[in-house]
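For reference, the structure discussed in these notes is given below.
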2 protein chains.
Amino acid sequence: MNFILNTRIKCSECPIRHRAVCSRCDEDELAELEAIKNYRTFAPGDTILWRGDELQYVGSVVKGVATLGKTLEDGRTQMVGLLLPSDFIGRPGRSQVDFDITAVNEVTLCCFDRAPFEKMLHSVPHLSQRLIEIAMDELDAAREWMLLLGRKTAREKMATFIEMLASRQQIEGLSELPTDLALPLTRDEIANFLGLTLETVSRQLSQLKKEGVLEFSGRRQFTVLDYAALHDATGDDSDGGPII
Amino acid sequence: MNFILNTRIKCSECPIRHRAVCSRCDEDELAELEAIKNYRTFAPGDTILWRGDELQYVGSVVKGVATLGKTLEDGRTQMVGLLLPSDFIGRPGRSQVDFDITAVNEVTLCCFDRAPFEKMLHSVPHLSQRLIEIAMDELDAAREWMLLLGRKTAREKMATFIEMLASRQQIEGLSELPTDLALPLTRDEIANFLGLTLETVSRQLSQLKKEGVLEFSGRRQFTVLDYAALHDATGDDSDGGPII
DNA sequence: GCCCAACCTTGACCCAGATCAATTCACATG
DNA sequence: CATGTGAATTGATCTGGGTCAAGGTTGGGC
């Protein structure tokens, strides 16, 4: 599962390289983007957008973690997207949204107002190309996730999730995966991500700890002692993850 | 779950309105598309594309049914996409594919070669807009499917699948859902779609038959006697399906 | 440095759906 | 119209993960 892109550029003030803008934009185009740029901040637990509401902007997560969640009639929920810093948020050509977007912790978004952004899309062809690529990557991630939800065991789900976290927390350009990782979500939220219950998540983490694959230094902070064993537990092909 | 789009136009020879071309294309643009158009046919069971192969074209399904499938190391598989007539196939800006595409029965594709199509994308902005919309719709469908795989019971999965089939076999422009439906897949393939086993699929269908919701007139041909009961069984909000 | 509430862990038990195992059915073929 | 075959049904049994319940941790706030 790979939400990261190779080609991202840094916004003048944003601390991150992000996906909403394109590495091929020239000075004028970047200035145009700057002009319609603004920041929004949300408190932990805030609903950034309710299902059915109009999304008035597109943009990127600069800081914090947000989730996309869907709910059944009786209240069962499934997370269908996880937004980490640099991830794109927005639906050009579609205003309404069929899921809730919720801030897990304090979230800062770097936004571009929808109307001018879409106008710009029409005049700057490579921005459209960029968005198509982003959408194709998200579709790949969604399909990887469908395989996880439909066919993987609790243990495989957990291992896959940790491997994904590691690749997202990897320092750019470095080939080594980081050994010290932070869990951005509670057990309950992880369960929601993986289609499990919080008890099962807890048991799987305990099991991986007992086997010496992970070592915890706090509830949400841990070290991966054995990446090979972790990957073996994912059930994925040994060649290591999706192609993309 | 909704794979259908409102705006589709009919190709000169294709018997269907399809998604690869845009309703806003003018005569010249359509002529340009016609020039790079060609048809491909696949026999039942044929693999249209293997994981990792290059997809040399984009296009639409004209006839037949195809599936996108992903496989784990030990052979477990999950269907991650179902291609029915009018569905778009292709990954502009991405050549490789991270899943297998398989023909369920005899499949005819209306294809546009990738290189000229992508060149045209750059010069015709509204074609890019169109593709972004298609990708957003597929992302919505994928997320709906994730909710199904992660949280629905076998019964809810089955009911949702039948409801989706009905909406796909609905006659365009008609508000009524068709009562007589054909299953385009075997029990095994349905199981693969829903993250179940073929035995469970069979049992759920028998149950719905026993309850008088469905009536079978052959193994793959049936009538929906009670759409209300069917919808109740989906677990979805009563307002009826995704917004889009 | 104590407190408390949210978060997490662990155990006991249960059940939906998987697995294993026979039949039975639909229908294409000669 | 018999007949062979892959597809489907149905039953018996098993089990992974859900559910219910009872403590533990931990870290922020005062």
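Computation of the quantities below employed the complete heavy-atom set of this structure, encompassing side-chain atoms and omitting hydrogens, waters and symmetry-equivalent molecules. Below, chains carry the letters A, B, ... as their sequence lines are ordered, and counting in each starts from 1.
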Any heavy-atom pair between the side chains of A/Thr223 and A/Leu181 that's under 4.5 Å?
no
What is the distance, rounded to the nearest whole Å, between atom [atom1] of [X] and atom [atom2] of [N]?
X	N	atom1	atom2	answer
A/Asp188	D/dT19	CG	P	12 Å
A/Met158	D/dG17	CE	P	13 Å
A/Gln207	C/dT9	CD	P	13 Å
A/Phe216	C/dC8	CZ	P	10 Å
B/Leu194	C/dG17	CG	P	12 Å
B/Leu198	C/dA18	CG	C1'	11 Å
A/Arg76	C/dA16	CZ	P	12 Å
A/Ile190	C/dC7	CD1	P	13 Å

Tell me which nucleotide among [options] gets nearest to the side chain of [X].
X	options	answer
B/Ser202	D/dT19, C/dG17, D/dT9	D/dT9
B/Thr186	C/dA18, D/dG17, D/dA8	D/dA8
B/Arg203	D/dA7, D/dT10, D/dG24	D/dT10
B/Arg187	D/dG11, D/dT19, D/dT9	D/dT9
B/Ala154	C/dG17, D/dG17, C/dC8	C/dG17

Centres of the A/Tyr57 and A/Phe112 rings: under 6.0 Å?
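Centroid distance A/Tyr57-A/Phe112: not below 6.0 Å, so no.
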Looking across every strand, which nucleic acid part, if any, lies under 4.0 Å from A/Arg220 by heavy atom: base, sugar-phosphate, or nothing?
sugar-phosphate
Touch class at under 4.0 angstrom, heavy-atom based, for B/Leu196 against every strand present:
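If one applies the 4.0 Å heavy-atom cut-off, B/Leu196 turns out to touch the sugar-phosphate alone, with no base involved.
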Main-chain N/O of A/Ala166 paired to A/Gln169 side chain as donor or acceptor, under 3.5 Å
no
Check whether any side-chain nitrogen or oxygen of A/Thr197 sits under 4.0 Å from OP1 or OP2 of D/dG17, and answer yes or no.
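So the side-chain polar atoms of A/Thr197 never come under 4.0 Å of the phosphate oxygens OP1 or OP2 of D/dG17.
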Below 4.0 angstrom from OP1 or OP2 of C/dA16, is there any side-chain N or O of B/Thr200?
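Indeed not, no polar side-chain atom of B/Thr200 lies that close.
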Please tell me which of A/Thr153 and A/Gly218 maps to the more 5' nucleotide of DNA chain D, matching each residue to the nucleotide holding its nearest heavy atom.
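Between the two, 5'-proximity favours A/Thr153.
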Taking atom CZ of B/Arg76 and atom CG of A/Leu147, what is their separation to the nearest 0.5 Å?
8.5 Å
Given that A/Leu205 and A/Arg151 both sit by DNA chain C, which one's nearest nucleotide is further toward the 5' end?
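Counting from the 5' end, the first nearest nucleotide belongs to A/Leu205.
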Quiz question: going by heavy-atom distance under 3.5 Å, is there a donor-acceptor pair between the base of C/dC8 and the side chain of A/Glu199?
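By the distance-only test, no, there is no pair.
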Identify which one of A/Ile89, A/Val80, A/Thr102, A/Asp98 satisfies the side-chain contact (heavy atoms from CB on, under 4.5 Å) criterion when paired with A/Leu68.
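Testing each of A/Ile89, A/Val80, A/Thr102, A/Asp98 against A/Leu68, the sole residue satisfying side-chain contact (heavy atoms from CB on, under 4.5 Å) is A/Val80.
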